[in-house]
Q: 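Submitted below is the structure of interest, expressed as structure tokens.
Every value quoted in this text rests on a predicted model; they were computed, and no experiment measured them. Atoms considered below: every heavy atom in the structure, side chains included; atoms not considered: hydrogens, waters and symmetry mates.
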Amino acid sequence: VVFSRPMAIVAARAALFAPLLLAAPSACASSRKGIAATYRPTSLHRQAARMCPPPSWAWEDTWGSPDWRWGYAVGTAHDRAAVLRRQLAHRASRDAWLRDKHVDPGERLLALALCTQLQGNLGRRCPASPLLSKLAQGSFAGMDDACAHLAEAMEVEQSNNHGEVLVASLQRLPFLKDGV
């Protein structure tokens, strides 16, 4: 069979994306005939989400990255902030998240930055505001440096455990009440 150029492109795309578009049989598949009885198309976004690894919270992928772009409407920071805001939309979810020992310190630092930003937008003074400016400027060498300055600014106990410093700092802000 000879395909015209447009048809060849459609056929090639179909062959490429077929594994992504096919899912396990649905509960009502028995009422269908042919191939529809066995497979049903699913959302490409759900398939892609299952294949993507979780985001990296390493310093070089967040505040240390030129793609982070804190304060801009485009960039990794904006995308991660949107996800975190949805995740922490309710007080109960913020409380559980704060108690969860498995949350990455990089994610907690983003929450602290968002909470600090919110306090500024509400016209409230926040002891972490100068730190947020330095974070955005790339003034810190890494998480150790940022947490040492944060502990000093927030007047919390210095610790080698970044998570503890960040949780104590978030507890000093109206994080549970106001969110991010």
Q: Compare every heavy atom of Gln158 with every heavy atom of Ala148, then report the nearest pair and how far apart it is.
A: O-NE2, 3.2 Å
Q: Do Tyr72 and His78 have side chains that get closer than 4.5 Å, going by heavy atoms?
A: no
Q: I want to check something: taking the side chain as every heavy atom from C-beta on, are Arg80 and Thr62 in contact at a cut-off of under 4.5 Å?
A: yes
Q: Grab the two heavy atoms, one from Arg85 and one from Gln117, that are nearest each other, plus how far apart they are.
A: NH2-OE1, 3.4 Å
Q: For the CD atom of Glu164 and the NZ atom of Lys101, what is their distance to the nearest 0.5 Å?
A: 7.0 Å
Q: What is the minimum heavy-atom distance between Arg124 and Pro174, and which atoms define it?
A: NH1-CG, 4.1 Å
Q: State whether Asp95 and Arg99 are salt-bridged, where the test is any N-O pair (Lys NZ or Arg NE/NH1/NH2 against Asp/Glu carboxylate O) under 4.0 Å.
A: yes
Q: For atom CG of Asn160, is the number of surrounding heavy atoms from other residues, nucleotides or ligands below 6.0 Å larger than 12?
A: no
Q: Looking at CD of Glu152 and CG of Leu131, how far apart are the two atoms once the value is rounded to the nearest 0.5 Å?
A: 10.5 Å
Q: Treat each ILVMFWY residue as a node, draw an edge where side-chain heavy atoms are under 4.5 Å apart, and state whether Leu98 and Val180 are in one component.
A: yes
Q: Does His162 reach the side chain of Asp144, with side-chain heavy atoms less than 4.5 Å apart?
A: yes
Q: Is Trp63 close to Met143 at the side-chain level, that is, under 4.5 Å between some pair of heavy atoms?
A: no
Q: If I compare all heavy atoms of Trp70 with all of Ala136, which pair ends up nearest, and what's the gap?
A: CD1-CB, 3.7 Å
Q: Quick check for you: to the nearest 0.5 Å, what is the distance between Glu155 atom CD and Ser169 atom OG?
A: 10.5 Å
Q: In Å and rounded to the nearest 0.5 Å, what is the CG to SG distance from Leu173 to Cys126?
A: 4.5 Å
Q: Any side-chain heavy atom of Leu166 within less than 4.5 Å of one from Cys147?
A: yes
Q: Is the shortest heavy-atom distance from the side chain of Leu135 to the side chain of Leu109 under 4.5 Å?
A: yes
Q: Looking at side-chain heavy atoms only, is the closest gap between Val165 and Leu150 below 4.5 Å?
A: yes
Q: Counting only heavy atoms not in Gln87, do more than 12 fall under 6.0 Å of its CD?
A: yes
Q: With a 4.5 Å cut-off on side-chain heavy atoms, are Val167 and Phe175 touching?
A: no
Q: Taking all non-hydrogen atoms of both residues into account, name the closest pair between Ala111 and Leu88 and its distance.
A: CB-CD1, 4.4 Å
Q: Just verifying a value: how many Å separate Leu112 CG and Arg172 CZ, rounded to the nearest 0.5 Å?
A: 11.5 Å
Q: Between Leu114 and Leu176, is there a shared hydrophobic cluster once you connect ILVMFWY residues whose side-chain heavy atoms come closer than 4.5 Å?
A: yes
Q: So, for Pro127 and Ala153, which heavy atoms are closest and what is the spacing to 0.1 Å?
A: CB-O, 3.6 Å
Q: How many angstroms lie between NE2 in His102 and CD in Glu107, if you round to the nearest 0.5 Å?
A: 13.0 Å
